[in-house]
Amino acid sequence: MRPFSYQRATDPGMAVQALGGAAAANEPLTKAAAQPLAGGTTLIDLMKLDVMRPTAIVDIGPLAHAWSAIAPGGDGLRLGALAKMSDVAAHAEIQRSYPVIADSLKLAASAQLRNMATLGGNVMQRTRCNYFRDVSYENCNKRNPGSGCAAMDGVNRMHAVLGTSDQCIATYPGDFAQALIALDAMVEITGKAGTRSMPFAQLHKAPGSTPDIETVLQPGELISAFSIQGRWPRSVYLKARDRQSYEFALSSAAIALDVQDGTIRDARVALGGVATVPWRAREAEALLKGQKFDDGLAQRVADAAFAEAKGRRHNSFKIALGKRVVARALQQAVTMEI
Amino acid sequence: MTAAAPAPKTNMGQPVPRYDAAAKVTGKATYASDMPLDNPAHAFLVTSAIAKGRIDRFELDDAKRVRGVIDIVTHENAPKLKESKLFSNGGYAGTTIQPLKSAEITHDGQIIAVVLAESYEAAREAANRVKVSYTAAAPSATFDSPGTTAAAAKGQNSQFKEDPKVGDFAKAFDAAEVKLSVSYETPTQHHNPMELFTTSCAWMGDNLVIYEGSQYVYGLKNGVAEQLGIDADKVRVVNPYVGGGFGSRGSMTPRTAIIAAIARRLNRPIKLVPTRDQGFTIATYRAETRHEIRLGASRDGKLVALRHEGAEVSSRPDAYCVGGTKTTTRLYACPNVDSLVSIVRADRNTPGFMRSPPEVPYLFALESALDELAVKLNMDPVELRRINDATRDPIDGKPYTSRSLMACFDEAAKAFGWSQRSPQPKSMSDGDWLIGYGCAATCYPTQMAPSAARVRLQRDGRTRVEIAGHEIGTGAYTVIAQTAAERLGVSLEKVAVFMGDSDLPPAPVAGGSNSTASTCSAVMMVCDQIRHRLFKALMPSDSLADKAKETVGISPAPSTQAAKGDRRLDIEKAFDALGVGVVEEYGEWKPEGAPLDSFRAMHNGQVRLVGGHQMKDQIAYAFGAEFVEIRVNRFTHEIRCPRLVGAFAAGRIMNPRTARSQLMGGLIWGMSSALLEATEIDERNARYVNDNLADYLVPVNADVPGVEVIMLSEQDDHINPVGAKGLGELANVGTNAAICNAIHHATGQRIRKLPVRLENIEL
Ligand SMILES: Cc1cc2nc3c(=O)[nH]c(=O)nc-3n(C[C@H](O)[C@H](O)[C@H](O)COP(=O)(O)OP(=O)(O)OC[C@H]3O[C@@H](n4cnc5c(N)ncnc54)[C@H](O)[C@@H]3O)c2cc1C
Ligand code: SF4
């Protein structure tokens with residue numbers, strides 16, 4: 001770890017000022033000298049590994065009094081960015097009306113991590129690509145732009161098959177973001193000019209030719225909340241992984257359905273563990289709308305979701321796996337009792 | 001009695017709580033890096049980013065500017081060390097690759113610089129700022145990599161003397177009614193003990209104290225002395241507790257002597273705490289292996305021919321190998337046996353012991369092949385083992401000292417519910433899950449080594465036992481205290497045990513599961529010396545005292561060779577007769593058949609293990625049987641292991657509580673080895689990739705919901721005075737095969753390469 005200054009932000013304005021003030025123009029957020037600290041379960045790790053080298057840490061923990069709402073209401077849900085993963089997962093109304101959210105959080109990480117980690121930090125967590133996290137490898141375009149990609153022809157079992165580029169195939173590792181993107185969540189961003197909202201689907205950026213730019217956030221901008229319209233009681237999060245707990249997804253599916261009299265009125269399909277960013281499979285969703293469910297349809301939907309997938313040496317299995325996960329999650333969502 | 005403290009059966013000690021339980025759960029147990037040092041410099045390692053080549057240049061300016069940096073030691077300015085030979089060649093080292101010796105790099109993560117600073121943080125930051133330029137050469141990573149060389153183990157590894165064979169394999173295999181010819185593979189694995197590979201050391205004049213987690217304080221003391229070129233009695237190694245070893249701390253790693261030499265030059269104590277990922281390359285590992293098994297049998301299941309060929313990876317300079325054919329050729333009755341072990345040299349660090357080093361990979365192959373044969377024969381796999389059960393070692397014809405393999409199978413089968421299994425693969429399921437039952441035999445050689453001990457008894461019964469044994473989490477303090485208490489007839493609370501210090505009487509390496517048998521035999525013998533003195537004080541003549549020793553116990557002694565009588569000796573009266581307040585005895589014990597130089601070697605930190613198939617007229621192994629339930633998800637192909645049941649027989653069980661814990665940990669480890677653990681190697685550059693505990697997977701609680709351990713009563717009077725067989729490495733041997741056999745039963749698919757992952761399942 002390298003030396004850094006530490007500051008506690010007691011109000012949003014102070015946080016934004018401390019984070020934005022130091023930023024150089026056009027600097028990607030991931031390289032900004034000042035970084036916000038929430039639960040610290042990603043940030044501190046990456047600092048110890050010498051992957052992130054901020055010189056200033058702005059602790060946004062004290063903003064929790066304003067930013068940790070868990071507020072299901074008549075017309076939707078609002079979640080503060082500093083709400084803890086464990087609190088949201090355990091909330092009875094979330095479990096009832098948004099099981100995909102509760103399960104995506106409950107199936108993530110470990111109990112200890114969920115007690116520390118926040119929703120904002122969770123969606124901003126960075127890839128687990130081993131070559132990215134080990135600075136002794138020179139060639140990582142995400143860490144050292146233009147240096148190449150060690151994973152492309154290296155050990156890439158955990159890597160992505162969707163949304164990849166010839167520059168980077170790193171998986172977006174989180175679970176919760178799939179639930180958000182499936183439910184058309186909005187993300188509220190607090191910056192110098194106050195707050196603005198945009199679709200969560202626009203937050204993350206596919207690697208393309210700039211894998212070091214992971215989100216549209218600028219230095220000095222913070223996520224303050226997430227919001228969702230309506231209720232989604234018929235929703236599931238299915239996660240396939242190497243061990244029963246405390247492990248990232250090899251493949252996961254967030255599914256939300258609105259089924260009336262056996263007909264699917266609305267359908268959401270999002271994929272985790274297989275893509276470079278939180279991934280919405282809209283082509284697959286289109287096949288579901290207005291249809292009656294059967295296993296053949298589930299198969300076609302799964303195929304559509306992975307139509308564009310490209311495997312590498314060790315991760316091609318994720319394509320077939322991902323399809324089975326989607327099909328099974330759809331069956332579960334259709335048959336669940338609500 | 002509770003599940004954790006099973007009621008003792010015949011020939012078992014009491015399940016007393018651990019001697020060190022309270023110290024451990026209250027955080028009072030001090031591990032090596034907890035030891036206070038006076039104003040230490042903090043060391044941080046820089047390790048190589050290439051596996052083969054040369055260091056051209058270090059750029060150190062940026063690193064040296066970090067506030068608090070004292071010095072950066074590289075091959076250009078490092079103190080010179082003397083060579084130490086590999087432990088198997090009469091030396092102490094786990095590798096002959098020495099750090100900071102030259103610009104040459106021979107494996108990934110080799111130690112290439114040591115940064116010294118006033119704080120850990122400064123040392124680590126400076127290490128991050130060290131820049132190294134290399135000239136890299138293309139390394140050979142593993143099997144099949146260009147540039148590797150292969151040769152028979154015999155002739156290059158001095159401990160691998162013979163490829164066991166008997167009869168005429170080729171002819172018998174040719175003529176066999178049923179034949180099987182199959183290949184298996186096991187991966188690279190790392191021990192990852194919780195305690196990191198730390199070293200603290202301090203010089204006091206010419207004397208050096210080293211605090212380091214070690215499974216062999218005498219080996220380390222002598223090895224470091226050899227490398228520093230000083231008298232071994234000037235070196236003291238201290239570690240009252242070791243945070244797990246599993247073999248990784250059995251032989252000397254390259255870090256210790258160089259840190260001690262730097263401390264001498266700096267004239268200041270040093271504390272080194274390497275990181276988890278550095279642990280993957282600065283200590284040893286279990287190398288990947290390959291196996292070809294050929295079995296020939298008659299239609300009724302009798303083995304007529306068995307051939308086991310194994311290949312193992314080692315480093316360029318060192319011919320390490322585990323050679324498990326010594327066990328797999330002797331496990332079952334078979335008249336025609338052949339075997340061959342070879343070593344493949346690659347640009348890797350030297351591998352080393354890891355829990356049941358030979359048995360884990362080699363029995364995986366044999367016990368999987370037997371299951372395949374059972375399927376071919378349409379026979380219950382338990383029955384196939386029964387048909388081929390042996391009472392004698394088929395290679396040398398020696399009888400087993402005791403062997404409860406089939407009794408273990410029967411007990412475990414009953415507890416598991418094996419009779420509920422429908423033999424057809426893919427015939428059992430529950431909702432989304434296909435269910436498979438599988439089983440395998442497990443075994444581990446019974447080994448002993450010379451050991452010394454000192455015991456002091458006071459008039460009030462307070463007892464002090466001193467022995468340089470090792471508490472690696474197994475329960476060594478506890479069983480030694482029990483042995484002394486029983487032998488001297490004092491209550492357990494009065495016994496204090498001192499271990500983990502090379503200034504105490506020598507004990508062997510805590511490896512090869514020999515510790516309990518060796519240290520307890522020594523302690524028992526020395527307690528008997530005390531008894532003898534006490535009796536003598538009360539008896540008129542020597543010969544009467546000798547007689548009394550045989551026929552009168554201080555208390556009813558429970559162990560096999562214990563005195564038969566039950567007349568109590570009055571300790572206080574004996575002390576008064578002797579006219580002393582303290583009786584203290586020192587003694588050196590060696591097992592039958594130990595070589596002549598045993599005691600000298602013991603003091604020099606060199607182990608002389610005897611046992612297993614190397615006993616003179618007999619062969620000694622502990623046995624067990626393991627049954628597992630596997631569930632494979634039809635949709636995700638996830639593989640889960642809800643139940644593990646093992647039955648084990650290992651001679652006298654000193655303490656059913658600590659023994660159960662060892663066996664349970666072994667079963668869990670075995671499950672982990674079969675389904676989770678593998679160190680991934682980037683073949684392009686021979687580097688480890690998943691070198692951290694988030695990516696090198698080990699089970700969490702949710703992965704092992706049901707583990708049942710059954711201990712059978714077994715008495716063996718032929719092995720050692722306490723009658724105990726080592727069991728620390730017994731339980732993780734059979735599990736790999738049991739799990740693959742269960743996966744076959746669940747899915748109809750035979751998987752011959754570990755670990756098994758969901759992408760290997762095709763439904
Ligand atoms: C061993 C391990 C296993 C894990 N397994 C899983 C898993 O299975 N599934 C899963 O989803 N996750 C998993 N995680 C990741 C874990 O969920 C994240 O580390 C955690 O959610 C991050 O939250 P935090 O509050 O600790 O974030 P921090 O570490 O504090 O922050 C993470 C990043 O986000 C930035 N940030 C934090 N808050 C904000 C904000 N409000 N606005 C803008 N930027 C912000 C920080 O600057 C930092 O760059 C695992 C982590 C570990 C260590
Ligand atoms: S996949 Fe991306 S993060 Fe990983 S090495 Fe390649 S560029 Fe770096």
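In what follows, chains carry the letters A, B, and so on, assigned in the order in which the sequence lines appear, proteins first and then strands, with residues in each chain numbered from 1.
Residues B/Val756 and B/Ile639 form a side-chain contact, since some pair of their non-hydrogen atoms from C-beta on lies under 4.5 Å apart.
Between the side chains of B/Asp108 and B/Thr281, no donor-acceptor pair is found at a separation under 3.5 Å. Side-chain contact of A/Gln299 with A/Asp303: a donor-acceptor pair under 3.5 Å is present, judged by distance alone.
Contact tally against chain A (heavy-atom pairs below 4.5 Å) for B/Thr47, B/Thr636, B/Ile50: the top residue is B/Thr636. Interface summary for chain A: among B/Arg124, B/Arg67, B/Glu125, the most heavy-atom pairs under 4.5 angstrom belong to B/Glu125. Options A/Glu247, A/Arg241, A/Arg128, A/Met158 differ in how many heavy-atom pairs under 4.5 Å they form with chain B, and the most are formed by A/Arg241. When each of B/Asn633, B/Asp432, B/Thr275 is scored by its heavy-atom pairs under 4.5 Å with chain A, the top score falls to B/Asp432. Ranked by heavy-atom pairs under 4.5 Å with chain B, the first of A/Ala150, A/Ser110, A/Ser251 is A/Ala150.
The residues A/Lys48 and A/Asp45 are annotated as not salt-bridged, no charged nitrogen and carboxylate oxygen being separated by less than 4.0 angstrom. We find that A/Asp212 and A/Lys31 are not joined by a salt bridge, their nearest charged nitrogen and carboxylate oxygen being 4.0 Å or further apart. Between B/Glu680 and B/Arg757 there is a salt bridge, since at least one side-chain N of the basic residue sits less than 4.0 Å from a carboxylate O of the acidic one. A salt bridge does not link B/Glu59 with B/Lys131: every distance from a Lys NZ or Arg NE/NH1/NH2 to an Asp or Glu carboxylate oxygen is 4.0 Å or more.
With a threshold of 4.5 angstrom between heavy atoms, B/Leu676 approaches chain A through side-chain atoms but not through N, CA, C or O. Both the backbone and the side chain of B/Asp703 have a heavy atom closer than 4.5 Å to some heavy atom of chain A. Both the backbone and the side chain of B/Ala694 come within less than 4.5 Å of a heavy atom in chain A. Of the atoms belonging to A/Glu138, not a single heavy atom falls under 4.5 Å from chain B. Heavy atoms of A/Arg157 lying under 4.5 Å from chain B belong exclusively to its side chain. For B/Leu675, no part sits under 4.5 Å from any heavy atom of chain A, backbone or side chain. Heavy-atom distances place the side chain of B/Asn692, and not its backbone, under 4.5 Å from chain A. Heavy atoms of A/Phe248 lying under 4.5 Å from chain B are absent altogether. For a residue to count as touching a neighbouring chain, one of its non-hydrogen atoms must lie under 4.5 Å from one of that chain's; by this rule A/Arg53 does not touch chain B. For B/Asn685, the part lying near chain A is the side chain, with the backbone staying farther off; criterion is any non-hydrogen pair under 4.5 Å. Contact of A/Lys318 with chain B is not made at all, since no heavy-atom distance falls under 4.5 Å. In this structure, chain A has no heavy atom under 4.5 Å from any part of B/Phe44.
For B/Tyr696 and B/Tyr688, the distance between ring centers is not under 6.0 angstrom.
Here the closest non-hydrogen pair linking A/Val155 and A/Tyr131 is N-OH, 2.8 Å.
Within 6.0 Å of CG on B/Asn701 lie no more than 12 heavy atoms contributed by other residues, nucleotides or ligands.
In this structure, B/His190 contributes its side chain and B/Tyr285 its backbone to no donor-acceptor pair below 3.5 Å.
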